[in-house]
Amino acid sequence: MKKYATSDIRNIALVSHGGAGKTSLAEAMIYTAGGSERLGRTTEGNTIMDHDPEEIRRQVSINAAIAPVEWQGIKINIIDTPGYFDFVAEVKSSLRVVDAVVVVVDAVSGVEVGTELVWQYAEENGLPKLVFVNKMDRENANFQQVLDGLRGAFGRHLVPATLPIGSEAAFKGVWDLVDEQALTWEEGKGRNPKTEPVGGADADRVAEARELLVEAAAETDDDLTTKYLEGEPLTPEEIRKGLRAGVISGSLVPVLCGSSLKDFGIQPLLNLIRQVAPSPEDRGAARGTNPKTGAEEERSASVSAPFSAFVFKTMADPYVGKLTLFRVLSGTLASNSQTYNSRSGRTERIGQLFLIKGKQQEPAEVIGAGDLGAVAKLQETSTDDTLCDEGNQIVYPPTEFPKPVFQVAIYPKAKGDEEKISLALGRIREEDPTLSVHKEEATGETILSGMGELHLDVATERMKRKFGVDVVLKAPKVPYKETIRKAVKAEGKFKRQSGGRGQYGHVWIEYLPEPDQDFVFEEKIFGGSVPRQYIPAVEKGLREAKSEGVLAGYPMTNFKAVLYDGSYHEVDSSEMAFKIAASMSFKKGMMEAGPVLLEPIAEVSVLIPDSFMGDIIGDLNRRRGRILGMEPVGAMQQVKALVPLAEMFTYAVDLRSMTQGRGTFTLEFDHYEEVPGNIAQGIIEKHQAEKKKGEE
């Protein structure tokens, strides 16, 4: 692919609700522009964009995929993003490096939950928008109904740029409202439309829609507004000028239609991207901070500016290694050069640069401002990092990803694979910032967290395929703890005589509740009843013993142990004997000190449309939650509550079901509190049954 000036580059993300046909549209754009010799189909598993084995098997996009195409003298970098919320990280990171989005809408389903979400993400990033109403050949397709729904949901500034000719099985082309012509296609000949002037029964409908488009375009420019108000017709070039100004400012959103599977209506979309979508130059300077001074700095999208690039995606490959994808925001980057990572403070050696097209990598000597590229085997660089000139340092802000909300416990299928799991998880997490892993001390489980069931299922399938690690996923155990409610004194005496030297350790320890601290150890020995050299062994014995409580085997917390008396033997006493004696005292004392079970309580913040308020509050109450308050947040309502963690493991799935996918939530650990008696009894009985089974 030849080199392009920054002004001749268009970076476009295709975004939508799942199933609207983004990947099929991307394939049609690539095919129509001559980037492939066949029209890829997800049902046949032969697309350029969905090339991951899991994507082919499931027939859904999991990763953001890139393909550049050349169209009438410009380069369009197309990023096909996933539509399912589980893979929101791919969408969010992609929107950091594009200059506009094409919102794909199903001509049958219209505006859906995912449409609202991606529109919101585009607004947050200040991105200009175009809309493509796809699947016009499907049964019950209705362009006007979808257009009305779009304008009702997002505003009257959405105006049609094309109208369908026919619909459902009779869909055969589009009216181009800018150039006032009909484009029709024959099956299998999507690259070659037949062009005709407007006429016939649709003339009035086309004229009315074109008037709406012309008026919207004229409003973006004073000269065009004057000409329009004076009744003079605007030329197609003037309409495009007005559309371009409106799209870049966000005051106008053109709506097009077509069928990606039939390859109908794709040329007008490519034309409009070329004519009205912003280039990197149009988007203005990139803003970051100087890592040395903290002052805000800017970099213009120019090849003459100091080099800087933002890393938006990392791909882990067991054979090639790590592949780093980036956008050059200013200056140029050359193969076989050096650059500087302003986060790690390290110099990175740049090997061969690549342009990415699906799973293919095309070598490139130089990548300039505004373009997307990739490089392999960077050692110190990960997603969200900034690469720059060491003498002109800048750091771009990281992408804000939602926190993981769904958890599973992960176990190796084969014994001895624990280390392989750890390494594989580390590599997978490099690819996906919304995955997190931690070891739960109270249960000993490795907890994998993500955005939903599908997200974690795909992650573990990827571990198996890429790194040969097979795992089992289970519902996590609740990290309960145990504590005491009253003060007691308990003796621990360990005495053993077996021929030679014996073992002797003897302690008296007082146990008291200590609500604000996990564990406090004190010694108040007088007269040397326990020699100084054995006191650390007593504390060690208590610390080890407290990891397994007396009720259900959970760690003990919030108590104080005071060693105040004991005895020793000059010959037989040892550190081990006193450690065992402390453990014996602990078990006896804990049983007598009114032990109770504690459960983790999380602070939950749920963001929902107002219409779901009653259902959500009722559900939180059923989960033993305590509502803390409610407040409006924009057009949504935020409900805050304290809820036992035991009741929240499936909440991500349940909330989507209750709110038709419109609700989101965050969860943070808040504190521990006593488990209600009836529930505690069930937990204790279950533990005893498992313990008995294990002994058998």
Side-chain angles (χ1 to χ4, degrees), residues 18 52-55 57-58 60-65 81-96 117 121 311-318 321-325 343 381-385 398-413 417-440 443 445-476 479 602 645 648-653 655-656 664-669:
D52 186 284
E54 279 300 295
E55 293 178 314
R57 182 171 75 86
R58 297 172 186 269
V60 298
S61 296
I62 292 169
N63 307 294
T81 68
Y84 289 90
F85 184 77
D86 285 34
F87 309 109
V88 65
E90 298 285 323
V91 181
K92 292 252 184 180
S93 57
S94 298
L95 296 189
R96 285 294 305 274
L117 287 173
Y121 298 156
V311 176
F312 68 98
K313 185 174 171 64
T314 304
M315 298 166 64
D317 189 285
K322 189 167 70 171
L323 193 64
T324 301
L325 277 65
R343 176 195 58 82
T381 300
S382 55
T383 301
D384 275 352
D385 280 359
T399 307
E400 292 185 11
F401 295 109
K403 293 181 180 179
V405 294
F406 190 81
Q407 296 184 338
V408 293
I410 187 167
Y411 291 86
K413 189 168 276 188
D417 271 1
E418 287 83 2
E419 187 172 341
K420 287 174 68 178
I421 284 180
S422 179
L423 291 172
L425 284 172
R427 298 291 295 278
I428 292 294
R429 286 181 63 211
E430 285 183 348
E431 291 185 329
D432 190 343
T434 54
L435 284 174
S436 70
V437 182
H438 74 276
K439 187 86 169 181
E440 183 56 66
T443 63
E445 291 183 316
T446 298
I447 303 298
L448 177 63
S449 303
M451 302 311 299
E453 286 180 295
L454 179 60
H455 186 203
L456 299 188
D457 188 31
V458 166
T460 52
E461 284 294 330
R462 191 172 288 168
M463 287 172 60
K464 181 179 179 179
R465 176 171 47 84
K466 284 189 173 183
F467 305 104
V469 180
D470 214 352
V471 299
V472 176
L473 302 182
K474 298 180 180 179
L645 183 63
M648 293 298 294
F649 287 130
T650 63
Y651 194 65
V653 177
L655 180 64
R656 286 184 201 175
T664 59
F665 79 102
T666 58
L667 180 150
E668 294 282 348
F669 168 75

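- Listed by chain and residue number, D52, I62, N63, I428, E431, V458, R465, K466 satisfy the side chain to side chain contact (heavy atoms under 4.5 Å, CB included) test with R462 (two or more places apart in sequence, or in another chain).
- With sequence neighbours excluded, no residue forms a salt bridge (charged side-chain N to carboxylate O under 4.0 Å, His left out) with R96.
- For E668, the side-chain hydrogen bond (donor to acceptor under 3.5 Å, both in side chains) partners at least two apart in sequence or on another chain are K403.
- For D384, the salt bridge (charged side-chain N to carboxylate O under 4.0 Å, His left out) test picks out no residue, with sequence neighbours left out.
- Distance check: L473 CG to K413 NZ gives 9.5 Å after rounding to the nearest 0.5 Å.
- Of all heavy-atom pairs between P476 and F649, the closest is O-CE1, 3.8 Å.
- Between V469 and K464 there is no side-chain heavy-atom pair separated by less than 4.5 Å.
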Name each donor-acceptor pair under 3.5 Å that joins a side chain in residues 82-92 to protein atoms two or more places apart or in another chain, with its distance.
residue : atom : partner : partner atom : Å
D86     : OD1  : R656    : NH1          : 2.5
D86     : OD1  : R656    : NH2          : 3.2
D86     : OD2  : L454    : N            : 3.2
D86     : OD2  : H455    : N            : 2.9
E90     : OE1  : A64     : N            : 2.8
E90     : OE1  : K313    : NZ           : 2.8
E90     : OE2  : K313    : NZ           : 3.2

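- Taking OG1 from T381 and NZ from K322, the interatomic distance works out to 6.5 Å, rounded to the nearest 0.5 Å.
- For D432, the salt bridge (charged side-chain N to carboxylate O under 4.0 Å, His left out) criterion is met by no residue, not counting sequence neighbours.
- Between M451 and F406, every side-chain heavy-atom pair lies at or beyond the 4.5 Å cut-off.
- A heavy-atom distance below 4.5 Å is found between the side chains of P479 and L645.
- Considering only heavy atoms from C-beta on, L667 comes within 4.5 Å of M648 through its side chain.
- The CZ atom of R429 sits 9.0 Å away from the CG atom of L448 when rounded to the nearest 0.5 Å.
- Cation-pi geometry between K474 and Y411 is satisfied (NZ or CZ under 6.0 Å from the ring centre, within 45° of the ring normal).
- The minimum heavy-atom distance between V311 and S382, with the atom names listed, is CG1-O, 3.5 Å.
- Applying the side-chain hydrogen bond (donor to acceptor under 3.5 Å, both in side chains) criterion to S93, with sequence neighbours excluded, gives no partner residue.
- Looking only at side-chain heavy atoms (C-beta outward), L325 and F312 come within less than 4.5 Å of each other.
- Taking CD1 from I410 and CD1 from I447, the interatomic distance works out to 10.0 Å, rounded to the nearest 0.5 Å.
- Residues in residues 447-461 take part in these salt bridge (Lys or Arg N to Asp or Glu O under 4.0 Å) pairs, two or more places apart or across chains: R58-D457.
- Taking T314 as the reference, T383 meet the side-chain hydrogen bond (donor to acceptor under 3.5 Å, both in side chains) condition, with sequence neighbours excluded.
- For T666, the side chain to side chain contact (heavy atoms under 4.5 Å, CB included) partners are S605, not counting sequence neighbours.
- A search for side chain to side chain contact (heavy atoms under 4.5 Å, CB included) contacts involving S436 returns P404, S449, not counting sequence neighbours.
- L456 has its side chain within reach of L435: a pair of non-hydrogen atoms, C-beta onward, lies under 4.5 Å apart.
- Minimum interatomic distance between K420 and G468 (heavy atoms only, all atoms of both residues): NZ-O, 3.7 Å.
- Looking at E440 and Q407, their side chains never come closer than 4.5 Å, going by heavy atoms from C-beta outward.
- Here S422 pairs with nothing under the side-chain hydrogen bond (donor to acceptor under 3.5 Å, both in side chains) rule; sequence neighbours left out.
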